[in-house]
Number of protein chains: 4
Amino acid sequence: MIYLLSDYSLGAHPKIMQALMDTNMEHTDGYCLDRFSDECTEMIREWVGKPDADIYYFVGGTPCNTTAISAGLRPYEGVITPATGHIYVHETGSIELNGHRQFGMPTPDGKLRPEDIEKALLHHEDEHTVIPKMVYITHPTENGGVYTKAEMTALSECCRKHGLIFYVDGARLGTALTWPTNDLEIEEIADLVDAFYIGGTKIGALFGEALVLVNPEKFDDHFRYMIKRQCALLAKGRLIPVQLKALFEGGKDSLYYELSKKENELAIKLAESVVKAGYKLWLPHQTNQVFVIVPNDKIEELNKEFMFYTWCPYDETNSVIRLVTSWGTTEEDIESLLKAL
Amino acid sequence: MIYLLSDYSLGAHPKIMQALMDTNMEHTDGYCLDRFSDECTEMIREWVGKPDADIYYFVGGTPCNTTAISAGLRPYEGVITPATGHIYVHETGSIELNGHRQFGMPTPDGKLRPEDIEKALLHHEDEHTVIPKMVYITHPTENGGVYTKAEMTALSECCRKHGLIFYVDGARLGTALTWPTNDLEIEEIADLVDAFYIGGTKIGALFGEALVLVNPEKFDDHFRYMIKRQCALLAKGRLIPVQLKALFEGGKDSLYYELSKKENELAIKLAESVVKAGYKLWLPHQTNQVFVIVPNDKIEELNKEFMFYTWCPYDETNSVIRLVTSWGTTEEDIESLLKAL
Amino acid sequence: MIYLLSDYSLGAHPKIMQALMDTNMEHTDGYCLDRFSDECTEMIREWVGKPDADIYYFVGGTPCNTTAISAGLRPYEGVITPATGHIYVHETGSIELNGHRQFGMPTPDGKLRPEDIEKALLHHEDEHTVIPKMVYITHPTENGGVYTKAEMTALSECCRKHGLIFYVDGARLGTALTWPTNDLEIEEIADLVDAFYIGGTKIGALFGEALVLVNPEKFDDHFRYMIKRQCALLAKGRLIPVQLKALFEGGKDSLYYELSKKENELAIKLAESVVKAGYKLWLPHQTNQVFVIVPNDKIEELNKEFMFYTWCPYDETNSVIRLVTSWGTTEEDIESLLKAL
Amino acid sequence: MIYLLSDYSLGAHPKIMQALMDTNMEHTDGYCLDRFSDECTEMIREWVGKPDADIYYFVGGTPCNTTAISAGLRPYEGVITPATGHIYVHETGSIELNGHRQFGMPTPDGKLRPEDIEKALLHHEDEHTVIPKMVYITHPTENGGVYTKAEMTALSECCRKHGLIFYVDGARLGTALTWPTNDLEIEEIADLVDAFYIGGTKIGALFGEALVLVNPEKFDDHFRYMIKRQCALLAKGRLIPVQLKALFEGGKDSLYYELSKKENELAIKLAESVVKAGYKLWLPHQTNQVFVIVPNDKIEELNKEFMFYTWCPYDETNSVIRLVTSWGTTEEDIESLLKAL
């Protein structure tokens with residue numbers, strides 16, 4: 001069985017496993033009160049160009065998003081998200097568990113735009129309505145789309161104009177940073193947002209996301225309480241920075257960039273080949289997810305040998321499938337698929 | 001100042017005040033454990049043709065909706081509502097306080113249709129997504145629209161087909177029941193839904209809504225705990241059934257129908273007159289809310305003498321105003337307005 | 001049947017009903033945005049000597065407590081209360097619905113003391129524990145006990161020393177203010193606390209409690225959002241200040257003081273008489289609740305003619321009953337009871 | 001620096017690291033929908049003698065406890081715990097985030113007894129009070145105490161008599177199972193409770209707890225939704241069962257028993273030695289936590305070389321320190337401490 005299902009079907013990149021092995025027998029305090037956390041934090045601060053940022057570590061995107069969002073909102077405030085946003089479609093009411101509304105704005109392609117924010121703001125009148133107070137996007141989008149510098153800047157300006165907190169989910173951030181046409185460096189993102197997270201789970205780590213609060217004063221000042229209350233403080237907390245240090249070290253020369261580039265390159269090859277093979281893409285391809293329109297009976301056939309996600313129906317006889325490349329995907333995997341198509 | 005702002009700008013109809021005076025010096029137990037509650041419950045059961053319905057009393061629509069909805073849902077379930085629904089736009093996150101998502105479906109006119117429900121159901125995939133489990137509508141809609149028997153039946157069938165709880169907010173139910181073209185009697189509504197409430201606040205009472213659980217087995221079996229936890233159990237609980245008995249007694253010959261009819265008749269007169277006066281209605285008029293497109297400078301002028309709600313911008317020079325008739329509105333009020341227009 | 005069950009078994013005092021009748025046909029805006037609210041607020045500010053206090057109106061103590069407490073706490077903070085406190089034993093998890101812990105401190109008599117607060121503070125270590133951040137008491141206590149000036153001052157100083165918000169539930173405040181040995185005037189209470197509410201429901205109103213935020217900066221600055229989200233904003237909001245104006249007008253010469261005094265006097269007579277009749281009181285008597293130890297078979301007999309609450313078992317053959325006087329209790333009621341004892 | 005601070009200051013036992021390495025390059029589906037989860041589940045079912053148990057995997061005790069408890073309770077229900085219970089003192093309001101009260105019962109030694117449960121049940125009267133519906137204990141207790149078969153049976157019978165769900169937190173279960181005087185096997189625990197979890201984090205794993213729902217019908221039937229909503233579904237879910245398989249394989253001959261025994265033996269040596277050295281234990285010693293009364297200035301001195309937790313003040317000049325042995329503690333560590341004492 002060949003996996004093009006997700007970017008978290010393997011364990012970790014060998015260098016990350018090595019880092020875990022190397023530090024395994026060192027005693028430290030728990031809950032991210034350890035030297036690895038401190039070192040990783042310094043490294044990330046330097047990398048993103050924000051020496052005063054607060055940095056917190058999570059085992060996954062959902063606890064990270066939920067904690068950050070609920071630490072930024074008062075009880076009667078809500079968060080604006082594209083209707084395709086991860087918090088809206090893949091986190092089962094975690095935001096609502098914390099009492100907050102999500103304003104899920106429909107978009108043609110998964111990208112939020114200033115006009116969507118403006119539209120969401122119309123929801124608010126007075127004390128009878130929830131106040132939209134934060135903007136959430138994923139970069140790249142859930143469909144793989146890469147925000148340009150101009151787009152991200154427009155969102156940022158819109159947020160600042162309206163007093164909204166701007167938060168970016170970077171579960172697959174590396175694939176945006178290394179996308180051929182990308183014009184938005186991580187330091188620039190850090191300048192434009194109030195908070196963002198850099199995801200390790202989907203780019204080579206066993207797990208681990210680093211939340212960067214660029215403007216910590218916009219979030220609850222007892223942030224570690226918010227993490228613990230959300231059940232999201234890992235006992236052996238250092239496991240996250242140990243991995244992320246190995247992953248992020250070196251900035252543009254890091255393993256993170258290397259693996260992200262590889263995911264993108266394999267995806268480009270995959271996308272170009274399926275088009276050559278006569279298939280149509282559902283969306284213009286960007287980053288490591290490729291959405292292809294495939295006849296339903298073909299999908300059934302492919303399912304015997306390949307693991308992938310059937311995303312949505314396309315028309316009566318065709319559906320959209322999602323093919324995801326990961327750092328562990330091989331050229332052979334892709335050739336096998338092309339042969340089978 | 002003449003009020004066309006809402007249907008709750010006065011106290012109560014004199015007959016209701018009399019009922020409160022008549023019973024004022026009788027001692028009873030609190031929290032709706034009293035003979036008035038029992039009597040009112042029997043009366044309502046008979047009226048709606050559901051001898052086994054559970055009936056609970058609330059001081060307002062918001063606590064009633066929030067309690068009913070949270071008592072019908074599990075933590076990971078949500079409620080489908082038109083995006084104009086009262087719970088979505090005028091109850092400030094009370095549903096979210098209870099941990100539930102609202103699926104606010106855009107509609108052209110405030111009426112939910114089976115296709116909107118079907119669309120909302122697409123949100124659900126698996127344990128990563130909230131399950132839409134209940135359908136909420138207001139009847140009449142927030143824009144005053146009256147569901148026909150065919151429309152309400154279609155919604156009911158759609159809910160049953162998909163295992164959804166069907167709940168109707170009847171804050172202004174009387175105005176639907178007495179609308180000239182209405183073909184849907186209260187017993188028929190009771191047959192089609194799982195629960196609904198009959199509102200007193202907006203039709204003559206000081207306050208008071210009767211929640212009718214037609215199918216109580218679809219709601220939490222410790223319902224009074226849910227009410228109390230929501231801070232919604234009134235100490236002198238009998239004040240609600242004392243009023244509602246006076247209001248509902250007599251079914252179609254009740255004060256409730258009489259006042260509702262009056263509200264409708266005044267609204268019809270108002271709507272016809274503004275059209276004659278050359279104004280355009282924003283929506284085809286039904287029940288006691290009339291939405292009129294008025295030039296912005298005219299609105300400013302009217303504001304000096306009349307209280308009403310400016311609903312939304314229409315275009316650059318005009319806005320939509322909402323004119324509401326209540327049981328206390330007089331022919332003179334309307335004539336004054338027409339003169340001023 | 002004679003009621004000594006509670007102080008909310010009747011309607012309202014005739015003067016309050018008259019105030020409702022007198023204002024019944026006046027149109028106003030809803031949700032406490034009306035002249036009665038403004039006037040009542042000015043009156044209360046003057047009465048309690050706090051011209052800058054924020055004042056909000058509620059239909060009952062539970063929504064008032066829950067809103068005030070959740071507007072004063074961050075998600076990881078909790079409230080210290082005597083284990084007999086109303087929020088702990090009679091509000092079914094409303095505080096927990098809002099995500100906050102209650103630290104229910106055992107006391108011998110229902111009175112919280114600084115040492116109880118100090119003990120609760122030991123619960124807090126770091127981000128793994130809830131922070132006790134507010135102190136809640138009822139004055140008088142749930143057992144009727146009246147805090148002396150010295151006691152209340154000690155609590156206040158303890159709260160200030162530890163940065164705790166001090167909130168007093170005055171559901172029956174009038175009976176404390178008019179208790180013969182009381183040495184704590186309402187202006188002094190206002191000086192000592194951060195917030196308190198003055199209850200109308202149990203002293204003559206149909207319903208209505210006035211929440212006084214003496215130090216509003218310690219509570220959420222979107223307080224009306226917190227009220228609405230808690231489902232606690234009454235549509236015809238003026239009904240509360242209309243009643244409370246009639247009740248509170250005149251300060252020490254008000255109907256509020258008059259009715260409270262009467263409740264106390266009847267309770268004193270009742271307590272003295274039951275002692276004379278050979279019964280023992282469970283607690284030293286204060287205010288309008290009298291707790292008497294009565295043989296179980298006697299209780300059964302009394303239940304045929306009298307409504308009262310059997311509070312708790314005392315020993316194998318006796319239980320404690322609670323007898324409550326209200327403004328509507330008559331000398332005859334008490335004599336009937338004494339005869340039956 | 002020598003660590004006697006906790007049983008989670010190291011990475012994982014080498015055999016567990018090896019298991020992670022061995023499976024690292026195998027692709028699987030995420031979120032515990034993988035062969036390792038299935039295999040581990042079968043193994044645990046057999047080990048605990050419950051072929052029909054539902055088993056779920058968590059990265060830590062807090063998400064496990066919070067999910068299990070909130071999946072067992074209705075909104076107006078609460079959980080009884082010793083006041084020293086982990087959920088009460090070290091999980092920062094996670095239970096309250098889910099809307100549930102904790103009844104923290106004071107105990108002399110951290111062990112809950114049937115009379116404590118009975119006392120908690122007195123809190124419940126009617127719809128004005130939270131219903132205690134679940135009993136939570138840790139085994140061993142937070143102080144290290146091991147419940148005997150008779151004690152655990154008495155709790156179980158008390159729960160069944162009162163319709164309470166009985167849930168056991170086994171964060172350090174292995175140390176109870178292997179304690180010299182233990183008379184309660186894991187199959188017997190499984191017979192007595194409704195659910196329990198077997199903790200890996202504190203006995204050799206990087207992380208990982210296996211929740212065993214012995215009576216899954218007492219918990220929400222959409223359990224995976226409850227996990228995800230709690231942000232507790234790990235993307236690379238297999239990392240937990242891969243570790244737990246290596247840890248639990250072999251039952252009494254497993255690595256889990258071996259490491260637990262070692263932790264106990266070291267703790268016994270430590271406890272006996274400090275007593276010999278003239279120190280007094282705070283509590284009779286059981287399992288891998290040793291509580292010793294030490295002069296405050298001595299503590300200061302020890303802090304220079306040893307990491308441990310100062311638990312609580314004992315008297316004016318002494319405090320209680322907690323010394324914890326882990327699978328990575330060495331004989332030398334203990335000798336160093338004894339020398340320093």
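Below, read A as the first sequence line, B as the second, and so on, with proteins coming before strands; counting in each chain starts at 1.
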| note | Bottom line for L20(D): the part with an atom under 4.5 Å from chain A's heavy atoms is both

| Does any heavy atom of chain A fall under 4.5 Å from the side chain of A235(D), the backbone, both, or neither of them? | both

| task | Please determine, among H13(A), R238(A), H90(A), the option with the most heavy-atom pairs under 4.5 Å with chain D. | result | R238(A)

| request: Report yes if the distance between the aromatic ring centroids of Y136(D) and F196(D) is under 6.0 Å, otherwise no. | output: no

| said: Counting heavy-atom pairs under 4.5 Å with chain A, which one of R229(D), K202(D), M17(D) comes out on top? | reply: R229(D)

| Which of S6(A), G11(A), S9(A), G99(A) touches chain D most, by non-hydrogen pairs under 4.5 Å | S9(A)

| remark: Closest non-hydrogen atoms of L266(D) and S326(D), given as atom of the first, atom of the second and distance, are CD1-O, 4.1 Å

| query | Using 4.0 Å as the upper bound for N to carboxylate O, is an ion pair formed by E91(A) and K228(D)? | reply | no

| remark: Highest number of heavy-atom pairs under 4.5 Å with chain D among M21(A), M307(A), M1(A) belongs to M21(A)

| Which region of L206(D), side chain (C-beta onward) or backbone (N, CA, C, O), has a non-hydrogen atom less than 4.5 Å from a non-hydrogen atom of chain A, or is it both or neither? | both

| task | Output the option from L5(A), L239(A), T66(A) having the highest count of non-hydrogen pairs under 4.5 Å with chain D. | result | L239(A)

| message | Could you check whether E96(A) pairs with R101(A) (Lys NZ or Arg NE/NH1/NH2 to Asp/Glu carboxylate O, under 4.0 Å)? | response | no

| task | Hey, can you tell me if F223(D) and Y56(D) have their rings parallel, tilted or perpendicular (30° and 60° cut-offs)? | result | parallel

| query | Of the options N65(D), T141(D), T81(D), which is the one that meets D169(D) in a side chain to side chain donor-acceptor pair (under 3.5 Å)? | reply | N65(D)

| request: Against chain D, label L234(A) side chain, backbone, both or neither, depending on which of its atoms sit under 4.5 Å from a heavy atom there. | output: side chain

| said: With a 4.5 angstrom heavy-atom cut-off, is it the side chain or the backbone of Y8(A) that approaches chain D, or both, or neither? | reply: both

| pair I95(A)-I69(A): side-chain heavy atoms closer than 4.5 Å | yes

| pair L323(A)-Y309(A): side-chain heavy atoms closer than 4.5 Å | no

| query | With respect to chain A, which residue among N98(D), T23(D), T28(D) yields the maximal number of heavy-atom pairs within a distance under 4.5 Å? | reply | T28(D)

| Quick one: what part of F207(D) sits under 4.5 Å from any heavy atom of chain A, side chain, backbone, both or neither? | side chain

| E26(D) and R35(D) ion-paired at < 4.0 Å | yes

| said: Less than 4.5 Å to any heavy atom of chain A: does that hold for the side chain of A205(D), its backbone, both, or neither? | reply: backbone

